[in-house]
Amino acid sequence: MVTILDFANMNVTLPHQLDPLVEHLMELYPKRSLIQPVWDLVLNYVDHDFLRSPLFPIVLNVVFYFVACLPFMLFDLYGTQWNWIQRYKLQPKQKVSMPQVFDTLGLTFWNQIVFILPVSIGQWIYTPPTPLPPEAPGLWEFCWQIVAALLVFDLEYFIWHYCHHKNRWLYKHVHSVHHRYHSPFSWVTQYLHPWELISVGIFVTTTPWIFKSHPMTTWSFMMVSIIVSVEAHIGFDFPWALNHWCPFGLWGGAPKHDMHHLKPLSNFQPFFTHWDRLFGTECPGWHAGGITAEQWEEMKKKQA
């Protein structure tokens, strides 16, 4: 566990103006995790019965998903003339309409009410309350477990995704729902057949169990997975996106997943790219503005 004391004892040269800050933090949180203040805020200002409830992670996921999608819906519907945003669109000729938004939101609400709500009630009845330890996880533990959980989820969904594309019956009756839109936008993230939505929910819920993660780590992983899932479907390639600064092109992001909706037998991984490379299913993605990658141009020439 990385603590304030460990940080102070590291062989790192800090600016002199930071020394009083570190000393003050050591007085406030001696031998405590660097993220303890955040956990203290949660424990002090959120009702403990609500936090312990098995319904809390579900409410957190649903609310955070809608919050994450809303800004991009506004970009799609009202930002068509905003050059500062449209220059990052991967398929500039494809516009998002209000009927498309109503269609995707309609299925999302239907799935939440008809399928997720009963599952939530069952979980609330049969799942014991979540214990709330007073100590926060260590900073290193918090970070590596989120990354590890993303890697495990990525593998689980890669296998699920690959099978549901290679098997015609599974694709036709399950996964084809998600592929109705060849140009993804934010609400397409959960435009899913109920079986796919439940499968993803199981992967997200159970993956932190592997590492016996702290509740703070588990809930943070859920929010991170929503952020990166929505980002993969927004149809924009922003310069600050993770795929631009993750080394060796190991993060696919929106360009790779956008290409998956155009070429469904490629780019099966939701986040990373290493399994697609290993199995030969990786396909280069678009650049912002609809300019294709050089590798993609070469592939088209070979196929011509």
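What you see is a predicted model; the values in this text were computed from it and never measured.
More than 12 non-hydrogen atoms from other residues, nucleotides or ligands lie less than 6.0 angstrom from CZ of Phe50. Atom CH2 of Trp144 sits in a crowded spot, with more than 12 heavy atoms from other residues, nucleotides or ligands closer than 6.0 Å. At most 12 heavy atoms of other shown residues, nucleotides or ligands fall within 6.0 angstrom of atom CH2 in Trp209. Under a cut-off of 6.0 angstrom, the local environment of NZ in Lys95 is crowded, with over 12 non-hydrogen atoms contributed by other residues, nucleotides or ligands.
Atom CZ of Phe66 is separated from atom CD1 of Ile226 by 10.5 Å, given to the nearest 0.5 angstrom. Here the CG-CD1 distance, from Leu117 to Ile58, works out to 9.0 Å after rounding to the nearest 0.5 Å. Atoms CZ and OG, on Phe221 and Ser213 in that order, are 9.0 Å from each other to the nearest 0.5 Å. Note that CD of Glu231 and CZ of Phe238 are 8.5 Å apart. Values are rounded to the nearest 0.5 Å. Here CG of Asp258 is found 10.5 Å from CG of Asn267. Values are rounded to the nearest 0.5 Å. Atoms CD and CG, from Gln145 and Leu150 in turn, are 12.0 Å apart once rounded to the nearest 0.5 Å.
Grouping Ile, Leu, Val, Met, Phe, Trp and Tyr by side-chain contacts under 4.5 Å, direct or through others, puts Tyr162 with Leu155, Phe158, Ile159, Leu265, Phe268, Trp275, Leu278, Phe279.
The closest side-chain heavy-atom distance from Leu170 to Trp195 is not below 4.5 Å. You'll find the side chain of His261 reaches within 4.5 Å of the side chain of Val188, heavy atoms only. Looking only at side-chain heavy atoms (C-beta outward), Leu151 and His274 come within less than 4.5 Å of each other. Using a 4.5 Å heavy-atom cutoff, the side chains of Ser97 and Gln100 are in contact. Taking the side chain as every heavy atom from C-beta outward, His257 and Asn243 never approach each other to under 4.5 Å. Using a 4.5 Å heavy-atom threshold, the side chains of Tyr171 and His164 count as separate. Trp251 places a side-chain heavy atom less than 4.5 Å from the side chain of Phe271. Residues Phe236 and Asp76 meet the side-chain proximity criterion, which asks for heavy atoms closer than 4.5 Å.
Across Pro137 and Glu141, no two heavy atoms sit closer than the pair CB-OE2, 3.5 Å. The nearest pair of heavy atoms linking Val101 to Thr104 is O-OG1, 3.0 Å. Closest of all the heavy-atom pairs between Pro54 and Pro128 is CG-O, 4.0 Å. What you find for Val230 and Cys69 is that their closest heavy atoms are CG2-SG, 3.9 Å. When all heavy atoms of Trp39 and Pro134 are compared, the closest pair comes out as CD1-O, 3.5 Å. Across Ala136 and Met216, no two heavy atoms sit closer than the pair CB-SD, 4.5 Å.
Residues Val67 and Phe56 share a single hydrophobic cluster, defined by chaining ILVMFWY side chains whose heavy atoms lie under 4.5 Å apart. Clustering ILVMFWY residues whenever any of their side-chain heavy atoms sit less than 4.5 angstrom apart, transitively, puts Phe109 in the very cluster that holds Phe185. Note: the hydrophobic cluster containing Val224 also contains Val59 (ILVMFWY, side chain heavy atoms under 4.5 Å, direct or indirect links). Hydrophobic cluster membership differs between Phe115 and Ile202, with clusters built from Ile, Leu, Val, Met, Phe, Trp and Tyr side chains linked at under 4.5 angstrom. Both Trp82 and Met98 sit in one connected hydrophobic cluster of ILVMFWY residues. Membership requires side-chain heavy atoms under 4.5 Å apart, directly or through other members.
In this pair, Phe75 and Phe72 present their aromatic rings perpendicular. The plane angle is above 60°, beyond the 30 to 60° band.
By the side chain to side chain donor-acceptor pair (under 3.5 Å) test, Thr217 pairs with no residue at all, sequence neighbours left out. Under the salt bridge (charged side-chain N to carboxylate O under 4.0 Å, His left out) criterion, Arg87 pairs with no residue, sequence neighbours left out. Not counting sequence neighbours, Thr108 has no partner by the side chain to side chain donor-acceptor pair (under 3.5 Å) test.
Put simply, the side chain of Thr273 gets close to the backbone of Gly249: a donor and an acceptor are under 3.5 Å apart. Formation of a donor-acceptor pair under 3.5 Å by the Ser53 side chain with backbone atoms of Asp49 is not found in this model. In this structure, His260 contributes its side chain and Ser266 its backbone to a donor-acceptor pair below 3.5 Å. Under the 3.5 Å distance criterion, the side-chain polar atoms of Ser225 are matched with a main-chain donor or acceptor of Met222.
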| query | For Ser120 and Ile116, what are the C-alpha separation, side-chain angles and deciding distance, and is it a side chain to side chain contact (heavy atoms under 4.5 Å, CB included)? | reply | CA-CA 6 Å; Ser120 303; Ile116 300 302; 3.7 Å; yes
| message | side chain to side chain donor-acceptor pair (under 3.5 Å) for His244 and Asp237? Distances and angles first, verdict last. | response | CA-CA 9 Å; His244 286 291; Asp237 183 23; 2.8 Å; yes
| Can His165 and His179 be said to form a side chain to side chain donor-acceptor pair (under 3.5 Å), step by step? | CA-CA 11 Å; His165 271 281; His179 278 270; 3.2 Å; yes
| request: Show your working on side chain to side chain donor-acceptor pair (under 3.5 Å) between His178 and His193 and close with a plain yes or no. | output: CA-CA 7 Å; His178 185 64; His193 185 280; over 6 Å; no
| request: Report the C-alpha distance between Met259 and Lys263 in whole Å, list the side-chain angles of each, state the deciding distance to 0.1 Å, and finish with yes or no for side chain to side chain contact (heavy atoms under 4.5 Å, CB included). | output: CA-CA 6 Å; Met259 182 58 69; Lys263 291 178 64 66; 3.9 Å; yes
| message | Please evaluate residues Phe211 and Val152 with respect to the criterion side chain to side chain contact (heavy atoms under 4.5 Å, CB included), reporting the C-alpha separation (whole Å), side-chain torsions for both, the decisive distance (0.1 Å), and the verdict. | response | CA-CA 11 Å; Phe211 310 104; Val152 172; 4.0 Å; yes
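For the 3.5 Å distance criterion, the side chains of Thr207 and Glu156 qualify, holding a donor opposite an acceptor. The closest side-chain donor-acceptor pair between His175 and His161 falls under 3.5 angstrom.
Every pair passing salt bridge (charged side-chain N to carboxylate O under 4.0 Å, His left out) that includes a residue from residues 246-256 is listed here, sequence neighbours excluded: Lys256-Glu282. Screening residues 182-191 for side-chain hydrogen bond (donor to acceptor under 3.5 Å, both in side chains) gives Asp103-Tyr191, Gln112-Gln190, Arg180-Tyr191 as the qualifying pairs, with residues at least two apart or on separate chains.
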